[in-house]
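Working notes for the structure below.
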Amino acid sequence: MTLKVFNTLTRKKEVFEPLKGKNVNMFVCGPTVYDYSHIGHAKTYVQFDVIAKYLRYRGYDVFYLQNITDIDDKIIKRANEQSQKAERVAKRFEEEYYKDVEALGIDSVDKYARATDHIKQIVKQIKTLFEKGYAYETSDGVYFEIDKFKEYGKLSHQPLDKIKEGARVAVNEDKKNPSDFSLWKKQKPKEPYWSSPWEKGRPGWHIEDTAITETFFGSQYDLHGGAVDLIFPHHESEIAQMEASSGKKPLVKYWLHTAFLNIEKEKMAKSLGNFLTIREALSKWNTKVLRFFYASTHYRTPIEYSEKNVNQAKNALERINEFIRKVSRADGKDNKKVRELIKKTSDKFEKHMDDDFDIPQAIAALYDFIRDVNKLEISKKNGEEIIEFLKKINSVLGFMTFEKEKVPPSIMKLVEEREQYRKEKNFAEADKVRAELKKKGYYVDDTAQGPVVKKL
Ligand SMILES: [Zn+2]
């Protein structure tokens with residue numbers, strides 16, 4: 001079986017073949033740390049978490065790198081509003097970002113790299129662009145001259161002329177073309193700065209990423225991800241910078257982009273004020289519900305956020321968890337068919353994931369599996385095989401809930417007995433059984449989804 005991915009650069013599904021054997025160098029644009037991230041950002045981060053995990057599941061040796069934009073106009077603006085140093089604002093929200101990432105169950109990233117830790121590399125890249133004739137200096141900074149890079153527009157599939165026509169009139173009249181983008185911004189009063197050959201100042205946004213990826217991966221690598229709104233000008237400009245300075249093409253073999261999360265048909269965005277932060281969302285729903293909600297739509301399809309839609313996801317996920325609890329307690333006759341069904345479902349899972357990470361279809365195969373197994377009488381061993389299989393899939397998807405402790409059948413029997421008493425409203429007997437369970441070292445938590453047994 002071959003893995004295929006949809007490449008924004010060619011607008012085609014292509015067979016995934018990394019530059020070097022099984023090694024995959026993967027980069028995804030991280031946050032600009034001036035505020036809390038919202039659930040639109042989380043969609044991108046969770047979906048690339050699943051993608052990285054699936055690549056590992058398929059045997060690729062993935063190095064997953066993410067940048068932290070810790071110097072930017074928005075950070076400076078926020079810092080000035082709060083009479084704080086930009087550095088402090090950035091540090092604070094970088095920490096908050098890591099908390100969000102952890103709370104979302106994202107643990108696939110190997111390295112987070114700060115822009116401000118790579119100023120030397122940034123300056124070096126700009127110097128090279130000067131030497132090769134792509135950069136020029138004005139009164140307020142250094143710019144990349146897009147006219148010199150004839151392929152500018154190849155990622156966003158726009159002819160260079162169209163880009164130039166569409167550009168707004170430049171604020172800075174010194175610019176050769178309004179679409180020329182910033183490589184270095186000379187310091188304005190009250191702004192943080194670093195020294196450079198072009199007066200003290202700070203880097204432009206796009207150059208941060210290529211400086212960081214060149215440091216870790218060199219001038220070419222396998223996979224670059226981000227949300228669709230980053231295609232132009234951000235990713236387009238990354239290509240121009242790195243391909244112009246290294247002379248090697250392509251900068252990135254596969255460009256993958258996630259569609260937006262919409263709220264009432266509009267993109268969720270800080271600027272529109274219609275956003276819900278990750279932590280607000282996680283105070284309403286747990287991590288797994290949110291991960292399942294993101295998984296329910298293909299990463300290239302916009303997802304519509306509403307309480308109703310997340311609740312629907314919650315209920316759908318509960319069917320899977322209910323199945324897990326059920327098979328964990330199986331003690332019927334052994335059924336050979338279970339092994340066949342596992343094999344069939346595992347193949348289907350891989351087939352759909354290999355098709356540009358089609359998680360919704362992979363989940364549909366899982367529901368077929370649940371439906372088929374539910375018709376059978378299965379043994380304890382069958383149950384264990386099913387759990388093992390689901391755990392393997394879940395190492396990629398990360399939304400299922402498994403019982404942490406193996407509960408002996410004798411204890412489960414008592415739990416069921418107690419449940420029966422409760423149904424009959426015989427609470428005195430139910431309490432007696434609870435006391436007996438406690439003596440044996442178990443505690444029963446009565447949840448909306450039924451009793452959950454925990455070891456004391
Ligand atoms: Zn970026």
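Counting starts at 1 for both ligands and their atoms, in listed order. Values reported hereafter were calculated over all heavy atoms of this structure, with side chains retained and with hydrogens, waters and symmetry mates removed. If you're wondering where the values come from, they're calculated on a predicted model, not measured in any experiment.
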Using the six-membered ring wherever Trp is involved, compare the ring planes of Tyr221 and Phe217 and label them parallel, tilted or perpendicular (cut-offs 30° and 60°).
tilted

Heteroatom N/O/S of His206 within less than 2.8 Å of the Zn ion (ligand 1):
no

Using the six-membered ring wherever Trp is involved, compare the ring planes of Trp255 and His224 and label them parallel, tilted or perpendicular (cut-offs 30° and 60°).
parallel

I'd like to know: is the Zn ion (ligand 1) within the 2.8 Å range of an N/O/S atom from His235, strictly under that distance?
no

Determine the interplanar angle of the His206 and His234 rings, folded into 0 to 90°, and report it as parallel if under 30°, tilted if 30 to 60°, perpendicular if over 60°.
tilted

Are any N, O or S atoms from Asp209 nearer to the Zn ion (ligand 1) than 2.8 Å?
yes

So, for Tyr134 and Tyr152, is the gap between ring centers shorter than 6.0 Å?
no

